[in-house]
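In what follows, a structure is listed as structure tokens, so that the remarks can point back to it.
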Amino acid sequence: MSSTRTTTTAATTRTGLAIETAGLVKTFGENRAVDGVDLSVPAGTVYGVLGPNGAGKTTTVRMLATLLRPDAGEAHVFGHDVVREADAVRSRVSLTGQYASVDEDLTGQENLVLLARLTGHGKKPAADRADQLLTAFGLAEAAGRQVKNYSGGMRRRIDIAASILNTPDLLFLDEPTTGLDPRSRNQVWDIVRAVVAQGTTVLLTTQYLDEADRLAARIAVIDKGRVIAEGTKGELKSSVGAGAVHVRLRDAHRRPDAERLLAAVLDAPVQLEPDPVALTARVGGADNGRGAAQAASRALAELAAAGITVDNFSLGQPSLDEVFLALTDRTPEEDPA
Ligand SMILES: Nc1ncnc2c1ncn2[C@@H]1O[C@H](COP(=O)(O)OP(=O)(O)OP(=O)(O)O)[C@@H](O)[C@H]1O
Ligand SMILES: [Mg+2]
């Protein structure tokens with residue numbers, strides 16, 4: 001890894017993709033851990049790979065980072081084949097906790113300086129870069145302490161710091177916040193944002209929907225070694241419907257009128273709630289919820305025009321959790337072959 005960054009143009013392939021895979025497969029015995037994964041990761045963004053335990057996230061990352069050989073399919077990183085041009089790939093990527101493993105017996109500062117020196121920084125630049133990262137990662141106070149005495153959150157941060165000493169073009173972060181408390185998670189998120197702001201592409205695997213929601217520009221949802229959905233957060237959310245409109249009326253006797261009206265305006269089935277004044281309608285939408293909001297306000301206007309008083313109204317956006325459940329909560333028979 002060189003100490004200076006290659007230019008963005010050089011870092012980006014003709015297609016503007018940092019990663020491109022087609023039909024990537026890895027089998028362990030009978031287990032198809034990665035079962036035909038196609039990914040297109042735009043350069044310069046955070047790309048989220050979201051999936052439950054055992055989905056195949058780490059296996060995919062290991063193949064992309066040239067640590068594991070695919071059994072079938074192809075993967076290119078910045079246009080380089082991960083098998084035939086593994087060295088070229090390695091010179092461009094960094095994997096937290098792998099290439100930049102820190103020494104438990106050294107202090108945080110000693111680790112970063114050592115790694116910077118090993119990757120070609122002079123004495124002063126190495127010390128400067130170490131200090132810069134320690135400060136940026138909130139580790140200045142702990143800089144002189146041995147890493148073995150760091151908390152889990154501090155340990156995760158020093159790992160990431162070590163992996164971006166040389167500003168890689170592509171950084172793999174494999175579940176960087178699993179097991180961290182909310183404050184430490186927030187710190188790691190800030191670091192990820194800062195890394196991307198400097199031009200690095202980040203491939204982030206996570207089991208946390210809110211993490212993908214906050215950080216990733218695009219998300220691939222993987223389950224049982226397959227990509228079951230891919231897109232921007234908005235696209236994923238609208239793929240399961242934009243949300244639900246909840247209405248509470250002043251007068252229960254107007255509910256049949258309200259039901260007819262809502263069904264007509266929203267063009268969706270309306271559900272009568274056990275509460276005699278409440279109705280719910282699921283609103284679809286292929287446009288990231290904006291259409292749902294417009295439909296909902298039209299519905300409110302129509303109710304008012306018909307003299308039906310609404311006491312309470314809400315439009316719920318689906319969370320990524322709902323999306324994920326909707327995507328993964330299916331029987332194997334329903335899985336696409
Ligand atoms: N070296 C290996 N040998 C045998 N099986 C493996 C190996 N590595 C992974 N597997 C299996 O492959 C499947 C995918 O594992 P992988 O580690 O990629 O999942 P993951 O999505 O990273 O899960 P987690 O969220 O738990 O980290 C699992 O069934 C796992 O048991
Ligand atoms: Mg994993």
Side-chain angles (χ1 to χ4, degrees), residues 19-41 46-75 77 82-83 86 89 93-101 152-153 155-157 159-160 162-163 170-182 184-185 188-189 191-192 201-216 218-231 236 320-321 323-332 335-336:
I19 300 173
E20 204 172 6
T21 78
L24 208 55
V25 171
K26 186 71 201 178
T27 356
F28 296 112
E30 297 282 274
N31 181 6
R32 288 175 81 82
V34 174
D35 194 9
V37 162
D38 301 334
L39 287 178
S40 297
V41 177
V46 179
Y47 192 91
V49 173
L50 181 66
N53 284 133
K57 302 182 295 297
T58 298
T59 306
T60 302
V61 164
R62 288 173 61 79
M63 286 190 280
L64 294 173
T66 75
L67 300 174
L68 203 59
R69 207 189 158 92
D71 292 326
E74 279 194 39
V77 172
V82 295
V83 177
V89 172
V93 307
S94 190
L95 174 63
T96 292
Q98 185 62 43
Y99 294 141
S101 47
R155 177 60 205 253
R156 212 69 62 90
R157 277 179 278 149
D159 275 340
I160 300 176
S163 64
L170 172 62
L171 175 64
F172 295 105
L173 292 175
D174 194 8
E175 298 194 28
T177 67
T178 297
L180 296 189
D181 66 26
S184 302
R185 291 182 73 199
V188 171
W189 291 342
I191 290 166
V192 174
T201 304
V202 174
L203 186 116
L204 170 103
T205 76
T206 183
Q207 299 180 31
Y208 301 125
L209 301 141
D210 65 323
E211 181 158 290
D213 206 354
R214 277 161 204 259
L215 292 178
R218 297 186 73 85
I219 298 168
V221 182
I222 73 165
D223 191 32
K224 299 177 192 131
R226 289 182 184 188
V227 177
I228 55 171
E230 202 276 344
L236 292 180
L320 264 183
D321 285 88
V323 175
F324 189 72
L325 287 174
L327 290 168
T328 56
D329 189 21
R330 49 178 165 184
T331 59
D335 274 341

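Model, not experiment: these values are computed from the prediction. Atoms within a ligand are numbered from 1 in the order they appear, just like the ligands themselves.
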> Do you know which two heavy atoms are closest between Gly51 and Gln207, and how far apart they sit?
Replying inline: O-CG, 3.6 Å

> Among all residues two or more places apart in sequence or in another chain, which pass the side-chain hydrogen bond (donor to acceptor under 3.5 Å, both in side chains) test with Ser184?
Replying inline: Asp181

>> Determine whether a donor-acceptor pair (N or O, by modelled atom type, separation under 3.5 Å) exists between the side chain of Thr205 and the backbone of Glu175.
In response: yes

> What protein atoms of element N, O or S are positioned under 2.8 Å from the Mg ion (ligand 2)?
Replying inline: Thr58 OG1

> Which pair of heavy atoms, one from Val61 and one from Leu203, lies closest together, and at what distance?
Replying inline: CG2-CD2, 3.6 Å

>> Main chain of Arg32, side chain of Lys224: is a donor-acceptor contact present, judged purely on distance under 3.5 Å?
In response: no

> Sub-3.5 Å donor-acceptor pair from the side chain of Lys57 to the main-chain atoms of Val49, do we have one?
Replying inline: no

> Near ligand 1, which protein residues have a heavy atom under 4.0 Å away?
Replying inline: Phe28, Asn31, Ala33, Pro52, Asn53, Gly54, Ala55, Gly56, Lys57, Thr58, Thr59, Glu175, Gln207

> So, the side chain of Thr206 versus the backbone of Ala212: is there a donor-acceptor pair under 3.5 Å, distance only?
Replying inline: no

> Under the salt bridge (charged side-chain N to carboxylate O under 4.0 Å, His left out) test, which residues partner Asp174, sequence neighbours left out?
Replying inline: none

> What's the shortest heavy-atom distance between Ala55 and Asp223, and which atoms?
Replying inline: CB-CA, 4.2 Å

